[in-house]
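Remarks on the structure that follows.
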There are 2 protein chains.
Amino acid sequence: MVNKNGKTEKSSRIQSVERALIILDVLASKSEGMSLAQISEEIGLPKSTVHGLITTLRDYDYVSQSNETGNYKLGIHLFELGSKVQRAFNIRDAAMPVMKKLNKQFGETVHLGAEDNGEVLYLEKIAADSIFSIMSDVGIRLPMHCSGLGKVLLANKSEAEVKRVISQRGLPALTKRTITTQAKLKEELQRVKKRGYALDDGEIMEGLRCVGAPVRDESGKVLYAISVSGLVKDMYGKRLDEVINATIQAADEISIALKKRG
Amino acid sequence: MVNKNGKTEKSSRIQSVERALIILDVLASKSEGMSLAQISEEIGLPKSTVHGLITTLRDYDYVSQSNETGNYKLGIHLFELGSKVQRAFNIRDAAMPVMKKLNKQFGETVHLGAEDNGEVLYLEKIAADSIFSIMSDVGIRLPMHCSGLGKVLLANKSEAEVKRVISQRGLPALTKRTITTQAKLKEELQRVKKRGYALDDGEIMEGLRCVGAPVRDESGKVLYAISVSGLVKDMYGKRLDEVINATIQAADEISIALKKRG
DNA sequence: ACGAATATTCGATATTTTCGAATTTGTTCA
DNA sequence: TGAACAAATTCGAAAATATCGAATATTCGT
């Protein structure tokens, strides 16, 4: 089946459901909320059509409607469902205590992430004591080739898989230190694999340094990674070595905890 | 418009969207996942109908399908959307640092909650150091009349609103200490209001004691509450007094932080 | 109280969903 | 290896339901 744009598409999708989900995604991109007219404009459907869809979403609390402005936002029920999904990652219970210890030890930000669809998905975050908040948050996605988490996860994939990710996502430069050629990335990933940890040195944000280490599931596959992130001025020399050792050790602890519960 | 059950319903809802959302709710209740046949049975629709709906949900990652069992579960995209919703509570950034301090001070579990639809919705949790994990989690709902958070939130509502909640939710007994009469609850809420904090003494779970204190938004309304929960054996006498004072102080700190940002 | 801007309802039309039956896929056990 | 079963998936006809633009109602600002 071929549509008017010439794209092949599965015919078994339900149009109205598809449209409702698109509305949620559109709303997700505008945290301040949108009016009915804006949504209708954005997705190119008549207001009355959007109205029917969004009324349904509202009635089920997937969308909330501000009673001052009448604007629509993502609703509280998504928060509840999202929490259920997060709880379903059984990595979480194993990882959190260890991550807390790591955070306490150095006072830096600790992350837990996994690969999803060629990107790093941030599953948990323990923020640094300092006010300084880094550009990450639970639920956020970042490219794999420039973060400590991502490089660790990539380094433990087959060459074919790495190629697939690159062809899907490219190697965008977030800073001038970001690795942007396939050859250099390959080299870096080999280094990561050999050393057992990844170092992101301002590749995602100038002035930010980050150590990532692999977490293995029961079967030994690297599905997750943890990282410690801090300012370059706090992450160098002897202290950096300490962070590296502690991060690797913490990751191993989590792997062992995962193995224990099978 | 009146349907066959005699219930009045808005006619403008989109049937297929409604059904898709019901599927998500059904899946949310079974964390281990469900087969197509099970879902179809549960909601009483033909398998082929459910298949169309769930395929759409799957294609947008609202649902994931295990490739071993073929079972359907809630998908990763709900986690992402849920995180966005959570981030939109601007209470979070103000509350977390203070909650962490409180957790560090006593080593007990700290919660942040809000009222939603006559129940306490848990927005954040910092778990105790100990392995002992309490029956709470982010995204969970509990009754208002028997938790520290809930009683604080109720105590700051009008009598009419309290009545409405009771008529909607009743006063179910979770333990033998739970308050189950309207008169006793009224008395208790007056006490809570006067003292400025709520004490849950095994009303939600035997052996668990919990101190709740109100958080005020910019306009002075009590929209949120925080609590510290621990075992009765750790929460009595002088230490309980310390916890109470610290919890109230922490709640005030959060209120002030909220006021500052307007 | 008026006008403008927005949300909501209406009703005819036909596209799309729906449903049960038929088919395919996958798994278990001989 | 293959037969028998159980599950998911596809099919196609029938019509119910979503869709759309126009009409109406509501809200807001001045």
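Both backbone and side-chain heavy atoms feed into the values below; hydrogens, waters and symmetry mates do not.
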Handout entry: Atom of B:Val63, atom of B:Tyr72 and distance for their closest heavy-atom approach
Key =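 What the structure gives for the nearest pair is CG1-CD2, 3.7 Å.
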
Practice task
For residues A:Lys163 and A:Gln182, determine if any side-chain heavy atom of one lies less than 4.5 Å from a side-chain heavy atom of the other.
Solution key: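 The answer is yes; the side chains approach within 4.5 Å.
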
Are [X] and [N] close enough that a side-chain N or O sits under 4.0 Å from OP1 or OP2?
X: B:Tyr72; N: D:dT9; result: yes
X: B:His51; N: D:dT9; result: yes
X: A:Gln15; N: D:dT19; result: yes
X: A:Arg19; N: C:dT16; result: no

Nearest-Å distance, [atom1] ([X]) to [atom2] ([N])?
X: A:Leu36; N: D:dG21; atom1: CG; atom2: P; result: 14 Å
X: B:Glu41; N: D:dA7; atom1: CD; atom2: P; result: 11 Å
X: A:Leu53; N: D:dT17; atom1: CG; atom2: C1'; result: 13 Å
X: A:Asp59; N: C:dT8; atom1: CG; atom2: P; result: 11 Å
X: A:Ile54; N: C:dT6; atom1: CD1; atom2: C1'; result: 14 Å
X: B:Arg13; N: C:dT8; atom1: CZ; atom2: C1'; result: 16 Å
X: A:Leu57; N: C:dT8; atom1: CG; atom2: C1'; result: 16 Å
X: A:Ile14; N: D:dT17; atom1: CD1; atom2: C1'; result: 12 Å

Handout entry: Test log, rule side chain to side chain contact (heavy atoms under 4.5 Å, CB included), inputs B:Glu124 and B:Arg92
Key = CA-CA 8 Å; B:Glu124 278 289 359; B:Arg92 237 175 109 244; 2.8 Å; yes

Exercise for the section: Using a heavy-atom cut-off of under 4.0 Å over every strand shown, decide if A:Gln65 touches base, sugar-phosphate, or nothing. Expected result: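 The residue A:Gln65 makes sugar-phosphate contact but no base contact.
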
Practice task
Tell me what B:Ser16 touches on the nucleic acid: a base, only sugar-phosphate, or nothing, going by heavy atoms under 4.0 Å.
Solution key: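 Sugar-phosphate: the residue B:Ser16, judged by heavy atoms under 4.0 Å, touches backbone atoms but no base.
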
Problem - Result of checking B:Leu149, B:Ile254, B:Ile226, B:Leu121 against B:Leu112 for side-chain contact (heavy atoms from CB on, under 4.5 Å) - result: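 When side-chain contact (heavy atoms from CB on, under 4.5 Å) is applied between B:Leu112 and each of B:Leu149, B:Ile254, B:Ile226, B:Leu121, only B:Ile226 qualifies.
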
Which nucleotide sits closest to the side chain of [X]: [options]?
X: B:Ser48; options: C:dT18, C:dT8, C:dA21; value: C:dA21
X: B:Ser35; options: C:dT18, C:dT8, D:dA7; value: D:dA7
X: B:Leu45; options: C:dC19, C:dT9, D:dT9; value: C:dC19
X: A:Arg58; options: D:dT19, C:dT8, D:dA8; value: C:dT8
X: A:Pro46; options: C:dT9, D:dT9, D:dG21; value: D:dG21

Exercise for the section: Let me know, please, whether B:Lys47 or A:Gly70 comes out on the 5' side of the other along DNA chain C by nearest nucleotide. Expected result: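 Looking at DNA chain C, the more 5' nearest nucleotide goes with A:Gly70.
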
Handout entry: Sub-6.0 Å ring centroid separation between A:Tyr224 and A:Phe89
Key =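 That pair fails the under 6.0 Å test.
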
